[in-house]
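The structure appears below as structure tokens.
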Amino acid sequence: GLAEKLQNTFQKLKGKGKLNEADVDQAMRDVRVALLEADVNFKVVKDFIKKVKERAVGQEVLQSLTPGQHVIKIVNDELTELLGGTQSKINISSKPPTVIMLVGLQGAGKTTTAGKLANLLRKQGRRPLLVAGDVYRPAAIKQLQVLGDQLSIPVYTLGDKTNPVDIAKGAMEHARSYNNDIVIIDTAGRLHINEELMEELQNVKNAVHPHEILFVMDATTGQDAVNIAQSFHERLGIDGVIITKLDGDTRGGGALSVKAVTGKPIKFAGMGEKLDALEPFHPDRIASRILG
Amino acid sequence: LVSGKKIDDELYEELEELLIQADVGVNTAIELVEDLRKAVKERKIEDSGELKNVLKELVADIMGSEEFKLKTVNKPTVIVVVGVNGAGKTTTIGKLANNFKQDGKNVLLAAGDTFRAAAIDQLEIWGNRVGCDVIKHQEGADPAAVVYDSLQAAKARESDILIIDTAGRLHTKVNLMEELKKIFRVISREMPDAPDEVLLVLDATTGQNAISQSKLFAQAAGVTGIVLTKLDGTAKGGVVIGIKSELNIPVKFIGVGEQIDDLKEFSPQDFVEALFE
Ligand SMILES: Nc1nc2c(ncn2[C@@H]2O[C@H](COP(=O)(O)OP(=O)(O)OP(=O)(O)O)[C@@H](O)[C@H]2O)c(=O)[nH]1
Ligand SMILES: Nc1nc2c(ncn2[C@@H]2O[C@H](COP(=O)(O)OP(=O)(O)OP(=O)(O)O)[C@@H](O)[C@H]2O)c(=O)[nH]1
Ligand SMILES: [Mg+2]
Ligand SMILES: [Mg+2]
């Protein structure tokens, strides 16, 4: 990974005598390539390298016997700081029900994550209600109902001929009548550039005032992660992020990009297709994946 | 990038960044820009406005030209659709079935995803929209058994086209890739010349992980072509350039939306134009 690459780079550079700032530039190029290969957005990489270089041109690195190790430590520290701490809590409202809305692109894993979240919160002693807010995708409602059955968690639906705003409002009334203290709204996947559908989300938000709008993103997302996350955040104001499909071999640099551009915490990681495969997001683990 | 600017390192760096931004990948981007420098030297190009055009030409050359037709001489033509979770396989099958139906073909679908919640229901709705039958078992059945039945049904009904849907699976899950290999063993036992096409569905928002996906699916399933979906978004899908040059897997179709008509044949020219927009 990057650690070995930096070691080789500095080995060659030290062979020529004392290290200087230009040598650090060479090391920064290694860091840049590593981050880009890991799918970190190229603008996020630029800002990141600037920060790292400021720290890497100090005497601590230039006079070190092991400059490669110093640089790796700086990179790791900066990455972990940028990714934020582990904040895997759902903010529970003092005035129930707490309303959670899941949003994101097509196929990101929202419906499955809705089931996982409901499962997790029920294990924490809550009484969640799942809401079938996707009226477009074939068999989307059935998909959520099957998950609800597997978990014995109720699913609120008004079918696919009702608009999502009315479904959300109906779900709130239902939650109050049946004492559900958590309402999890599954929404249809949509493009951030689809005006009409982004407005629909806005309307659902205005109707039921979610306490948590969680942006669900596939961990394999590449450079476009910045555009996508920024658009959803600007339109809706997201409160947190869930990164899915981290059980593969993707480096997950998109997660860094999302955190950098929205400033919002990555709360959970989807680690599989089963309904118990939701873990708190560990920034140090993603940092080491990104570094290879 | 305007005409009249000097051709210098800064310009080449700008182009490299454009490629990286399009998910081409840093190493492929560096190689492309090196080839560009060579071409500029060989052709004695002085106008910076020409640079982008030469780069487009280099990329279009890599993406190929004649490999985009589906091989449909056999009857039934057997097409298997594979890929990671949520890429757009089931939706693509609906669109593809519709295209064949419009061409007057007799199409049969196989609900090979027996695992995911409501996967069979989803494909059945597409079958209804297109007007073609779906061979299915109950949820939880062995996908190889569904595939076996669908091959018999396609022969018995003299279907022109059989399209087999499979469950999404991460390429790193060995047991799931073994399940896929079993499906292919069943197919080749029943019909030695099949499958005619194995389409890997790739989401255009995917970054460099698409390379790993392509490698492992190619090993397990013998991929004959890629369907690049969700190109109606802002992602460019540049990773397919490296996939074509390293693994020689061509893009055959692109998905540009969620409706039944939103599947187009791949055009290298359109692709390179969009890459630089
Ligand atoms: N391996 C893995 N698969 C996942 C994970 N989360 C979801 N999936 C799978 O990804 C696919 C898409 O999941 P869905 O829940 O349907 O995604 P969605 O965002 O609701 O899709 P749309 O409603 O069409 O936008 C399914 O095959 C899921 O089983 C995860 O963390 N790991
Ligand atoms: N915008 C857009 N959405 C697409 C496209 N292709 C598929 N989708 C959407 O992507 C989501 C996932 O599509 P599916 O067909 O369920 O994907 P899949 O690969 O079969 O998913 P799994 O079976 O769960 O692995 C759905 O919401 C589709 O409508 C496309 O070209 N453009
Ligand atoms: Mg869904
Ligand atoms: Mg499917």
Side-chain angles (χ1 to χ4, degrees), chain A residues 32-43 45-46 105-112 115 136-150 188-194 217-228 231 244-245 247-254 272-273, chain B residues 16-18 20-27 29-30 84-91 94 115-126 128-129 139 167-173 176 202-210 212-213 216 229-230 232-239 255 257-258:
Chain A
R32 173 179 173 268
V33 169
L35 294 176
L36 289 174
E37 283 180 334
D39 287 329
V40 181
N41 179 272
F42 82 111
K43 288 204 200 98
V45 171
K46 270 198 179 146
L105 294 186
Q106 291 90 345
K110 298 174 293 301
T111 304
T112 309
Y136 305 108
R137 169 173 155 154
I141 296 173
K142 175 105 198 279
Q143 184 185 1
L144 194 64
Q145 287 174 323
V146 170
L147 299 185
D149 285 344
Q150 288 174 1
R190 69 204 61 217
L191 295 179
H192 49 300
I193 52 173
N194 186 320
M217 189 178 85
D218 190 319
T220 63
T221 308
Q223 295 292 307
D224 215 30
V226 159
N227 286 337
I228 304 162
S231 304
T244 61
K245 308 176 205 171
D247 44 317
D249 62 350
T250 189
R251 305 276 292 282
E273 296 193 69
Chain B
E16 188 186 291
E17 275 200 348
L18 215 93
I20 288 172
Q21 201 178 350
D23 281 316
V24 171
V26 58
N27 293 321
I30 289 172
V84 300
N85 308 73
K89 298 177 291 301
T90 306
T91 307
F115 169 73
R116 206 210 67 213
I120 298 169
D121 301 76
Q122 184 186 5
L123 188 66
E124 283 193 295
I125 292 173
W126 278 107
N128 275 322
R129 286 180 181 176
E139 226 173 80
R169 70 202 68 222
L170 294 187
H171 48 299
T172 45
K173 308 226 156 155
L176 295 182
L202 216 50
D203 185 327
T205 65
T206 310
Q208 298 311 299
N209 195 242
S212 174
Q213 291 177 24
L216 294 188
T229 60
K230 308 177 199 172
D232 45 318
T234 49
K236 306 287 171 123
V239 66
E258 304 188 70

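Values reported hereafter were calculated over all heavy atoms of this structure, with side chains retained and with hydrogens, waters and symmetry mates removed.
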Could you give the distance from [atom1] ([X]) to [atom2] ([Y]), rounded to the nearest 0.5 Å?
X	Y	atom1	atom2	result
B/R116	A/T111	CZ	OG1	8.5 Å
B/D203	A/L105	CG	CG	8.0 Å
A/D224	B/T205	CG	OG1	7.5 Å
B/T206	A/D218	OG1	CG	6.5 Å
B/L170	A/T250	CG	OG1	10.0 Å

Of the backbone (N, CA, C, O) and the side chain (C-beta and beyond), which part of [X] lies under 4.5 Å from a heavy atom of chain B, both, or neither?
X	answer
A/K110	neither
A/N194	neither
A/R137	side chain

Taking only residues two or more places apart in sequence or in another chain, which ones pass side chain to side chain contact (heavy atoms under 4.5 Å, CB included) with A/L36?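 Listed in chain order: A/R32, A/F42, A/V45, A/Q223, B/I20, B/V26.
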
Going by the rule side chain to side chain contact (heavy atoms under 4.5 Å, CB included), which residues pair with B/F115 if we only count those two or more places apart in sequence or in a different chain?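 Once residues adjacent in sequence are excluded, the partners of B/F115 under the side chain to side chain contact (heavy atoms under 4.5 Å, CB included) criterion are A/E273, B/D113.
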
For each of B/V239, B/T229, B/V84, B/D121, tally heavy-atom pairs with chain A at distances under 4.5 Å, and name the one with the top tally.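 Highest number of pairs under 4.5 Å: B/D121.
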
Contact winner vs chain A - B/A117, B/G238, B/G94, B/A87, heavy-atom pairs under 4.5 Å: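 With the most close heavy-atom pairs to chain A, the winner is B/A117.
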
Between [options], which has the largest tally of heavy atom pairs under 4.5 Å with chain B?
options	value
A/A139, A/A108, A/G253, A/G115	A/A139
A/Q150, A/K46, A/Q145	A/K46
A/V33, A/D39, A/V146, A/V226	A/D39
A/N41, A/N227, A/D247	A/D247
A/T220, A/D149, A/I193	A/T220

Examine whether an atom of B/K173 lies under 4.5 Å from a heavy atom of chain A, and if so say whether it belongs to the side chain, the backbone or both; otherwise answer neither.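 The side chain, not the backbone.
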
Heavy-atom cut-off 4.5 Å, strictly under: side chain, backbone, both or neither for B/N27 against chain A?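 For B/N27, the contact with chain A is made by the side chain alone.
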
Closer than 4.0 angstrom, basic N to acidic O: yes or no for A/K142 and B/E124?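 No, this pair does not count.
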
Under a plain distance cut-off of 3.5 Å, with no hydrogens placed, do A/D249 and B/T172 share a side-chain donor-acceptor pair?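 Note: B/T172 and A/D249 side chains miss the donor-acceptor criterion.
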
Any donor-acceptor N/O pair, B/K230 side chain to A/Q106 backbone, under 3.5 Å: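 Answer holds: yes.
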
